[in-house]
Engineer: 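Following this message is one structure expressed as structure tokens.
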Amino acid sequence: MQRPQDIPSVYSPEETEAKWYPAWESRGSFKPRPNGDRTAFTIVIPPPNVTGSLHMGHALNNTLQDVLVRWRRMKGDAALWVPGTDHGGIATQNVVEKLLKKEGKTRHDFSRDQFLERMWAWRKESGDTILHQLRRLGCSLDWTRTRFTMDEASSRAVAAAFAAFFERGLIYQGVRLVNWCPRCATALSDIEVEHEERSGFLWHIRYPFADGRGDVVVATTRPETMLGDTAVAVNSSDERYAGQAGRMIRLPLMDRPIPLVADDAVDSAFGTGAVKVTPAHDATDFEIGARHGLPHERVIGFDGKMTSRAGAFAGLSIKECREKVVAALEAQGFLVKVEPHRNAVSICYRCSTTIEPLESSQWFLKTSAMADAAARATEEGRVQIHPASWAKPYVAWLRNNRDWCVSRQIWWGHQIPVWYCLDCGDYSDEKIRRIREDPAFKNESVKSILREGARRPIVQSDPLSACPHCGGTNVVRDPDVLDTWFSSGLWPLTTLGWPDETEALRRHYPTSVLATGHEILYLWVARMVMMGLALRNDIPFRDVFIHGIVRDKQGRKMSKSLNNVIDPLDIMKKFGTDALRFALVSQASPGRDMQMADDNFVGARNFANKIWNASRFVMMNLNGHRPEAIPLADRSPVDRWVVQRFADTLSEVNAYLTQFDPAQAARALYGFFWNDFCDWYIELVKPLLTGAETDPAGIAARSARQTLSEVLDGVLRALHPIMPFITEELWHALWSTLGTSPTGLLMDGPFECPWSDPLSDDEDRRGLALVQEAVTALRTVRSDMNVPPGKRIAVLVNLTGASSATKQRLSRLASHIVHLAKIADWRVVESGECSRPPQSASAVVGDFEVFIPLEGLIDFAKERVRLEKWKADAASSLVRDEERLTNPEFRQRAPADKVAEIETRRTETKAQLARLDAFLRALAG
RNA sequence: GGGCGGUUAGCUCAGCGGUAGAGCAUUCGCCUUACACGCGAAGGGUCGGGGGUUCGAAUCCCUCACCGCCCACCA
């Protein structure tokens with residue numbers, strides 16, 4: 001073991017971090033301890049998508065979880081944190097497709113199996129990177145339980161869940177208008193669609209009546225869809241169109257007759273009150289169409305191009321088509337006017353491409369009953385959301401949620417566990433030919449043929465070779481995959497072994513906490529609660545801990561395209577992992593987003609260094625000394641004071657962590673360690689430990705050493721959940737310095753206060769407050785009068801007007817003041833006359849005064865300024881207090897202790913002012 | 001169109017009913033035998049505007065302004 005004095009004065013994290021992670025893991029400390037009477041504390045990781053590597057948001061999310069898990073583990077719980085990654089559906093497939101694009105290829109240059117091979121290769125690479133990063137972050141995950149949303153067990157669970165929902169009639173297949181991303185070439189669920197305000201135009205188009213008598217003007221933001229119009233609708237109560245419903249209109253450009261219908265979905269106040277109706281390409285119009293039995297004209301295809309139904313415009317992109325339609329309308333005199341218009345455009349949450357509502361054959365999950373159960377779980381307090389302000393929007397979302405489109409037209413994911421038999425289904429030879437000719441189902445409509453022909457879809461997860469109904473071997477599996485959030489929604493179940501009734505499931509489900517950012521509250525959290533309740537009749541977790549999003553210095557979300565991402569690994573290398581963790585935790589105020597920049601990490605790095613050096617100091621002074629039991633009663637007031645302060649801090653930390661406010665916990669620890677422990681306590685005990693007059697065997701020194709080691713031990717424990725590496729390192733160094741190398745690990749706990757009752761009385765706190773006030777006052781005088789830092793000063797203390805409590809405290813604690821304020825000559829006058837020495841500065845401390853003779857150093861002008869300012873502050877404080885105390889209502893209504901407090905303060909301030917006045921008079925005279 | 005959150009020292013943010021706080025930055029001193037990634041001292045805010053409740057409001061209520069999110073089928 002290195003001697004403490006040989007430990008370098010700058011903490012270098014690399015070695016420490018490399019050493020302790022394997023030590024923790026190899027000793028099995030990441031695994032939950034056997035049950036016994038331990039409470040299970042369980043967190044299942046929000047599995048990062050295998051789209052690359054972890055960013056700052058992941059670092060925050062996982063650090064917060066690690067803080068909670070380490071804390072509960074140290075407190076004695078059987079703590080389990082389950083690691084894993086998510087296949088990430090569209091997001092991950094997009095990443096790999098981008099890589100293929102660089103090779104000049106698309107996925108259709110490969111067979112489905114070949115493409116999936118590429119996907120698996122990528123997922124290995126990305127998954128490994130992510131799990132490595134979690135280790136670097138110090139996450140105390142039980143690696144023996146590492147899971148992936150597409151591993152065998154998960155796939156089994158997904159198929160089981162699908163089958164269970166199917167049997168209960170909750171899953172159905174149908175042709176609906178869905179959100180289609182032409183770029184990703186897949187349908188999306190409603191929450192996967194984002195909205196963006198864009199400035200566009202509102203085109204007013206004249207639609208003439210077929211009989212040549214008059215016309216109606218419709219307003220639209222999407223003129224190209226008029227090619228697929230099958231009606232015009234007006235509100236039935238709109239007098240402008242009274243009696244017109246039922247008349248036929250001749251659709252411009254297409255020269256088709258379409259009816260004018262009355263429908264109350266139309267808002268008379270908007271535009272002209274007449275709406276063109278395109279049931280195949282607009283959600284509202286789809287419903288209007290259904291109510292009026294209108295035909296659907298599909299003019300936009302799944303590829304984002306105009307279909308053959310678009311006549312002369314077939315084959316054009318939507319954008320080109322819009323331009324040409326508008327030009328044609330104008331040329332033919334149908335365009336009435338164009339006005340600027342801001343509207344919300346739907347865009348894909350994965351690639352920001354404009355979403356097209358398209359009719360398509362998809363699988364849906366009926367969610368109304370499930371969502372209702374989930375909403376009740378939160379309303380009844382079984383699933384609590386922290387901070388609670390998120391509960392309202394969360395429940396509201398659940399309450400008006402529509403069926404969930406769970407099928408996706410990509411290849412990467414859980415293929416729908418449904419098979420179709422071409423032998424006993426309703427398939428003509430022509431249909432079978434079309435199905436066989438397009439094994440990849442590139443043509444979406446072929447899938448409809450497949451699905452619609454099935455008399456009995458066969459739901460089962462294992463590959464099917466023969467139809468269970470007719471024994472036919474012409475079976476085809478549904479080509480779609482499930483929404484990635486379907487398997488994510490099952491995550492708390494699948495990670496613990498569901499659908500099998502495992503020991504882990506019994507012990508750890510429901511889990512304790514789910515920690516996540518608010519951006520996936522609906523997308524993920526809501527789904528887990530719904531599915532947990534539906535499939536296991538129990539909530540998946542009791543507390544949802546929502547943290548903010550990490551933003552850049554300008555408050556922007558971090559993204560690769562903005563080039564403002566901070567890589568956690570870079571920060572770890574530059575500042576150390578503990579500094580990264582501390583910076584993240586201390587800024588993660590509940591529910592608030594945070595702006596991250598280098599400054600934050602510098603401060604945290606400095607804190608780590610402070611811990612390092614304070615520990616060095618303690619160890620240097622402990623070297624060769626064994627721990628001994630010294631009752632707190634036998635220790636000095638400063639020892640008892642720091643012990644009290646630490647005990648207070650620790651209970652604050654426990655309270656804050658219980659309330660899911662780790663930022664406050666971090667700040668409390670920072671304040672205690674730096675201000676109380678380092679700036680005051682260590683400085684206070686230094687003279688007891690070093691120097692010629694010190695008695696190393698005396699009770700004062702022994703007591704101080706014992707207190708130093710106990711408080712350091714305690715504060716390292718308290719800091720460990722946030723800064724695991726440096727604390728583990730120093731804790732071992734501390735104990736080996738004490739000659740009793742521990743066999744255990746700091747991370748194993750306990751997390752508790754070493755003293756059962758440190759809060760005996762308030763006297764030590766008052767005494768230390770007096771010392772601090774006196775020292776600060778004297779230091780201020782020194783600084784203001786430019787007394788050379790090394791120069792010792794004389795102080796005359798006038799206690800003639802002081803209380804007996806003050807006199808006693810001062811006699812007990814004066815040595816501390818003498819030392820910290822560098823005083824050579826400390827004289828006290830307790831009674832009788834005390835005359836102010838000439839050439840001296842003066843200060844008021846509590847209920848007494850001090851004079852500092854400064855011959856040759858005193859600057860009376862400066863002294864006057866200083867005293868005047870002091871006086872002004874005191875005077876304004878007195879005015880405020882007087883105002884209150886002379887107000888009868890204050891005396892009558894304010895609590896008695898508050899009145900008493902202010903009265904006391906008034907008395908003190910008055911005495912202080914009198915002293916300051918006397919000082920100023922002396923200065924003048 | 002609804003809902004939520006923010007507006008506090010130059011910057012980033014705490015505080016959320018009893019005389020305004022931290023870190024960074026700034027100014028002045030200091031290599032004081034743990035730490036210059038440090039120590040000591042100082043300056044700096046009518047807590048977005050306006051009303052109200054209260055003995056007392058940065059803190060509670062109303063309202064306005066600006067900023068940011070989320071939700072919503074006004075073409």
Side-chain angles (χ1 to χ4, degrees), chain A residues 4-5 7 9-11 177 191 195 202 218-222 225 233 265-267 269-272 274-278 282-288 341 343-344 357 389-390 392-393 396-397 400 518-519 521-522 549 551 553 555 557 575 579 586-587 589 591-597 599-600 602-621 663-664 667 670-671 675 678-679 682-683 686 690-691 775-776 779-784 786-790 820 822 873 876-877 880-881 883-884 887-895 898-899 901-902 905 909:
Chain A
Q5 51 269 45
I7 297 172
S9 67
V10 174
Y11 169 57
L177 204 61
I191 27 173
H195 300 277
L202 194 58
V218 299
T220 181
T221 54
R222 301 205 51 194
T225 62
V266 179
D267 176 5
F270 187 91
T272 59
V275 188
K276 55 187 276 314
V277 181
T278 325
D282 181 276
T284 310
D285 295 2
F286 184 90
E287 286 164 20
I288 295 175
H341 183 74
N343 63 330
S389 54
W390 280 105
K392 203 171 139 184
W397 183 84
N400 54 41
H518 51 73
E519 73 275 15
L521 189 57
Y522 312 135
I549 292 168
R551 298 177 180 281
K553 192 113 201 186
K557 213 167 166 174
F575 301 103
S586 64
Q587 283 180 106
S589 284
R592 292 264 278 142
D593 290 354
M594 57 185 77
Q595 295 184 206
M596 270 294 156
D599 283 1
N600 304 310
V602 172
R605 191 255 335 239
N606 294 353
F607 182 47
N609 201 238
K610 190 72 179 176
I611 297 169
W612 184 256
N613 280 292
S615 303
R616 276 177 67 219
F617 173 82
V618 172
M619 289 187 278
M620 286 178 191
N621 286 285
Q664 294 263 45
R667 284 193 282 258
Y670 181 97
N675 302 131
C678 293
D679 290 347
I682 286 184
E683 295 306 324
K686 266 183 184 173
T690 56
V775 169
T776 303
R779 281 172 175 170
T780 303
V781 169
R782 295 183 64 116
S783 181
D784 285 353
N786 298 321
V787 176
L820 290 181
K822 295 201 177 103
D873 290 347
S876 71
S877 161
R880 264 196 302 267
D881 288 344
E883 272 171 7
R884 290 208 264 182
N887 180 350
E889 295 212 78
F890 174 71
R891 287 185 171 281
Q892 201 181 322
R893 295 178 191 271
K898 181 50 69 180
V899 177
E901 181 191 320
I902 299 205
R905 190 169 62 208
T909 313

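Residue numbers start from 1 in every chain, and the chains themselves are labelled A, B, ... in the order their sequence lines are given, proteins ahead of strands.
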Engineer: Quick one: A:Leu177 CG to B:C73 C1', roughly how many Å, whole number?
Structural biologist: 10 Å
Engineer: So what does A:Pro895 hit on the nucleic acid, given a heavy-atom distance under 4.0 Å: a base, only sugar-phosphate, or nothing?
Structural biologist: base
Engineer: May I ask you to verify whether the side chain of A:Gln587 and the base of B:A14 hold a donor-acceptor pair under 3.5 Å?
Structural biologist: no
Engineer: Classify A:Arg616 by what it touches in the nucleic acid, base, sugar-phosphate, or nothing, heavy-atom distance under 4.0 Å.
Structural biologist: sugar-phosphate
Engineer: Please name the nucleotide paired to B:G40 by Watson-Crick or G-U wobble geometry with both distances under 3.5 Å, or report none.
Structural biologist: B:C28
Engineer: Assign each of A:Phe617 and A:Arg905 to its nearest nucleotide of RNA chain B by heavy atoms, then name whichever residue's nucleotide is nearer the 5' end.
Structural biologist: A:Arg905
Engineer: Of all the nucleotides listed (B:C39, B:A75, B:A72), which has the minimum atom distance to the side chain of A:His195?
Structural biologist: B:A72
Engineer: Mind checking the P distance from B:G18 to B:G10? Whole angstroms is fine.
Structural biologist: 24 Å
Engineer: Would you please say whether a donor-acceptor pair under 3.5 Å links the side chains of A:Asn613 and A:Arg616?
Structural biologist: yes
Engineer: Quick one: label A:Thr776 by what it contacts on the DNA or RNA (base, sugar-phosphate, nothing), any heavy atom closer than 4.0 Å.
Structural biologist: sugar-phosphate
Engineer: Does the B:U19 base have a donor-acceptor partner in the side chain of A:Ser877 within less than 3.5 Å?
Structural biologist: yes
Engineer: Nearest to the A:Val10 side chain among B:C37, B:A14, B:G40, which nucleotide is it?
Structural biologist: B:C37
Engineer: Taking all non-hydrogen atoms of both residues into account, name the closest pair between A:Leu202 and A:Ala219 and its distance.
Structural biologist: CG-CB, 4.0 Å
Engineer: Over all strands shown, is A:Arg667 touching base, sugar-phosphate only, or nothing at heavy-atom distances under 4.0 angstrom?
Structural biologist: sugar-phosphate
Engineer: Starting at the 5' end of RNA chain B, which residue's closest nucleotide do you reach first, A:Met594 or A:Asn613?
Structural biologist: A:Met594
Engineer: How are the rings of A:Tyr522 and A:Trp397 set to each other: parallel, tilted or perpendicular (split at 30° and 60°)?
Structural biologist: parallel
Engineer: Look at all strands and tell whether A:Tyr522 reaches a base, only sugar-phosphate, or nothing, counting heavy atoms closer than 4.0 Å.
Structural biologist: sugar-phosphate
Engineer: Check every strand shown and say whether A:Arg782 touches a base, only sugar-phosphate, or nothing at a heavy-atom separation below 4.0 Å.
Structural biologist: nothing
Engineer: Whether A:Gln664 contacts B:G15 is assessed here as follows: a side-chain N or O lying under 4.0 Å from the phosphate OP1 or OP2. Is that the case?
Structural biologist: yes
Engineer: Does A:Lys898 count as lying over the ring of A:Phe890, i.e. NZ or CZ under 6.0 Å from the six-ring centre, within 45 degrees of the axis?
Structural biologist: no
Engineer: Is the shortest heavy-atom distance from the side chain of A:Glu287 to the side chain of A:Leu177 under 4.5 Å?
Structural biologist: no
Engineer: Ignoring hydrogens and angles, answer whether the base of B:C37 and the side-chain atoms of A:Arg605 contain a donor-acceptor pair closer than 3.5 Å.
Structural biologist: yes
Engineer: Could you let me know what B:C4 is paired to, Watson-Crick or G-U wobble, both distances under 3.5 Å, or none if it's on its own?
Structural biologist: B:G68
Engineer: Quick one: label A:Asp679 by what it contacts on the DNA or RNA (base, sugar-phosphate, nothing), any heavy atom closer than 4.0 Å.
Structural biologist: sugar-phosphate
Engineer: Sort out the partner of B:U19 for me: Watson-Crick or G-U wobble, both distances under 3.5 Å, none otherwise.
Structural biologist: none
Engineer: Respond yes when some side-chain nitrogen or oxygen of A:Lys392 is under 4.0 Å from OP1 or OP2 of B:C4, and no when none is.
Structural biologist: yes
